[in-house]
There are 2 protein chains.
Amino acid sequence: MKNWDEVRTAFQVARMGTVSGAAEVLGVHHATVIRHIDALEAQLGVKLFQRHARGYTATEAGEDLLRVAQATDDQFAQLAGRIKGRGADVSGDLVVTSLAALAQKVAPLLAAFQQQNKDVYVRYLTGDRLFRLEYGEAHVAIRAGVAPDQPDNVVQHLLDMQVGAYASRSYVAAYGQPDGPEDYAKHRFVGTESRESRAPYYVWLQENVPPASVTFRCTDPRAARAAIEAGAGIGFLDQSYAGEQADLVEIHAPRPEWSAPLWLVTHVDLHRTTKVQALLRFIKEQTAQGAL
Amino acid sequence: MKNWDEVRTAFQVARMGTVSGAAEVLGVHHATVIRHIDALEAQLGVKLFQRHARGYTATEAGEDLLRVAQATDDQFAQLAGRIKGRGADVSGDLVVTSLAALAQKVAPLLAAFQQQNKDVYVRYLTGDRLFRLEYGEAHVAIRAGVAPDQPDNVVQHLLDMQVGAYASRSYVAAYGQPDGPEDYAKHRFVGTESRESRAPYYVWLQENVPPASVTFRCTDPRAARAAIEAGAGIGFLDQSYAGEQADLVEIHAPRPEWSAPLWLVTHVDLHRTTKVQALLRFIKEQTAQGAL
DNA sequence: CAGTAAGTGTTCATTCACGCACAGAGGCAA
DNA sequence: TTGCCTCTGTGCGTGAATGAACACTTACTG
């Protein structure tokens with residue numbers, strides 16, 4: 001049963017009872033229908049129809065085929081309906097990934113989106129490794145830093161995270177606050193382990209603070225945050241987060257050159273779907289209202 | 001969902017995960033697979049797969065299609081197995097038709113065949129109208145008279161019915177028996193209504209008996225038999241039937257020129273099937289043993 | 001009974017889908 | 001990094017599947 005189109009042709013012949021009728025339904029020439037039937041019968045080694053001048057009547061084998069193909073036709077029709085409809089409504093899985101550092105902001109946002117769209121099942125992936133859109137691992141990613149340049153990704157600028165320098169109250173109690181760059185040598189800073197970090201505030205750190213003063217380095221932003229809060233030194237944090245923490249003191253207010261862009265990234269194949277569009281619109285609306 | 005072959009292609013891609021793998025399974029070039037997928041997605045307006053250098057991964061729509069097409073593939077495989085196997089075993093409906101006049105002989109034969117082949121459902125059609133093989137109304141027909149010359153029919157000679165002239169005892173009591181052709185004018189005969197009947201004994205009747213002596217004419221052989229048994233006159237009957245009837249007297253023993261051939265007829269499309277062949281063989285065996 | 005309409009089936013020209021070949025893009029191992 | 005392998009993707013030429021036309025058969029109808 002190698003050729004499904006021939007089965008479909010035979011199905012219509014069995015339904016219509018004539019080659020001509022089937023040809024009309026199928027939108028092909030009746031000669032094609034005859035050839036399909038002949039090929040299928042030759043393949044199976046059994047006559048599916050008895051031919052006569054008034055049309056084709058199905059043999060037992062033909063009626064068996066009719067039943068199976070009818071079920072198949074129904075299944076395919078339902079499938080087509082589901083697939084076409086899927087693009088039009090907001091339902092099914094919705095997989096979002098982002099840096100773990102953004103989880104505190106993103107999770108409530110996604111929860112609110114799910115409240116508005118009861119049919120979606122939100123799956124929010126944060127992990128050590130990068131989840132890749134091009135492998136179908138997620139519908140939408142929220143990325144930070146330099147704009148992703150993958151060819152198949154649709155990248156939209158979401159906002160610039162306002163990054164300031166903060167330290168814990170315990171640190172300030174012990175070391176005070178620097179009055180200016182000349183004091184940096186007497187202070188302790190939390191930096192990144194990777195020398196070639198692209199984050200603009202770490203570039204600034206490398207250029208303006210003596211390496212000897214960077215007494216705590218780590219790779220994970222969450223670790224950096226925990227270190228700052230534990231009094232390890234002065235470090236860089238998102239203003240909208242740090243501003244809410246009573247234990248943190250603002251050493252330097254956010255500067256434009258420190259700001260880190262956030263990107264909304266989707267795979268081009270999924271970007272046009274209404275489900276993804278709905279989420280993107282929702283995120284951008286909420287962001288405009290200061291949710292991030 | 002117009003093109004079932006494209007669904008099959010998409011199914012294999014979803015199963016294999018790569019275009020190349022699907023192409024190998026399907027026995028086509030991978031370019032063909034790509035074209036099928038593109039066409040199907042364009043038709044549905046939804047991406048079924050996300051493309052990347054390592055292969056294709058199914059989207060939700062693609063996985064939905066995978067499930068449905070998997071079921072279809074299973075169904076078709078089962079169907080092919082049933083259809084191919086159907087030719088090899090003797091089961092299912094077996095439709096036989098004949099003249100009603102032969103029912104008394106044929107019915108026990110078919111009953112015996114059913115006893116030997118428990119899986120067949122015998123349907124024995126006798127009726128006023130001729131059941132037509134070319135319309136799929138019956139698998140096998142038993143026909144009398146001139147050999148059917150329908151092009152799609154396979155005709156086999158079964159036997160020659162030995163036909164004699166008989167009359168009821170009541171008729172003989174009233175009219176006696178003719179000693180020779182010269183007495184025919186004083187007797188009564190049961191003939192056929194249709195002047196151009198091809199039955200050889202009716203041809204003989206027309207040539208050897210004065211029309212005035214044919215006092216009872218009818219079309220149906222059963223009516224003729226009833227008329228003869230009721231004493232309407234001398235008529236022609238199958239020897240094997242008339243010999244068993246105590247009430248009938250043999251006026252003339254069967255003559256070779258009266259004998260009516262019986263034909264086993266099948267449609268060419270069904271003739272080769274083992275089921276039909278089994279019945280044909282059975283009938284011929286039984287006939288050779290004198291069952292008819 | 002002629003005429004019409006519908007349907008099958010075959011031959012021939014055409015075109016569309018297929019296979020081929022090559023380019024490009026990742027991934028993997030040395 | 002470099003080379004190699006696998007897989008996708010695309011332009012091009014060819015052949016198989018398709019459509020058009022015609023012949024033939026059968027049923028229906030006035």
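Keep in mind that the numbers below use all heavy atoms, side chains included, and drop hydrogens, waters and symmetry copies. Protein chains get the first letters and strands the later ones, always in sequence-line order, with residue 1 at the start of each.
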- Task: Check for a donor-acceptor pair, side chain of B/Thr97 on one end and backbone N or O of B/Leu125 on the other, with a separation under 3.5 Å.
- Result: yes
- Judged by atom type as modelled, is there a donor-acceptor pair below 3.5 Å linking the side chain of A/Arg123 to the main-chain atoms of A/Ala138?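 Side chain of A/Arg123 to backbone of A/Ala138: no pair is present.
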- Check every nucleotide of DNA chain D for an atom under 4.0 Å from a heavy-atom of chain A, then give the first and the last such nucleotide from 5' to 3'. D/dT18 to D/dA27
- Message: Rounded at 0.5 Å granularity, tell me how far NE2 in A/His157 sits from CG in A/Leu159.
- Response: 6.5 Å
- Distance in Å, B/Leu48 CG paired with B/Glu63 CD, rounded so as to fall on 0.5 Å steps: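 Atom-to-atom, B/Leu48:CG and B/Glu63:CD are 11.5 Å apart.
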Nucleotides 4-8 of chain C: which of its N/O atoms have a protein N/O under 3.5 Å away?
{"unit_1": "C/dT8", "atom_1": "OP1", "unit_2": "A/Val19", "atom_2": "N", "d": "2.6"}
{"unit_1": "C/dT8", "atom_1": "OP2", "unit_2": "A/Val19", "atom_2": "N", "d": "3.3"}
{"unit_1": "C/dT8", "atom_1": "OP2", "unit_2": "A/Ser20", "atom_2": "N", "d": "2.8"}
{"unit_1": "C/dT8", "atom_1": "OP2", "unit_2": "A/Ser20", "atom_2": "OG", "d": "2.8"}

- Query: Do B/Glu41 and B/Arg51 sit within salt-bridge range, that is, some charged N less than 4.0 Å from a carboxylate O?
  - Reply: yes
- Query: Taking 4.0 angstrom as the limit, do A/Arg82 and B/Glu60 come out as a salt bridge?
  - Reply: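 Looking at B/Glu60 together with A/Arg82, the answer is no, because their closest N to O distance does not fall below 4.0 Å.
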- So which one's nearest nucleotide on DNA chain D is more toward 5', A/Thr32 or B/Arg35?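 Upstream on the strand: B/Arg35.
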- Using whole Å, report how far NE2 of B/His29 lies from P of C/dC22. 12 Å
- Query: What's the CG-P distance between A/Asn3 and C/dC18, to the nearest Å?
  - Reply: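 Distance check: A/Asn3 CG to C/dC18 P gives 10 Å.
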- Item | Reference residue B/Gln70; test side-chain hydrogen bond (donor to acceptor under 3.5 Å, both in side chains); the match among B/Asp73, B/Asp74, B/Thr72 | B/Asp74
- Message: Is the ring pair B/Tyr56/B/Phe49 parallel, tilted or perpendicular, if the boundaries are 30 and 60 degrees?
- Response: tilted
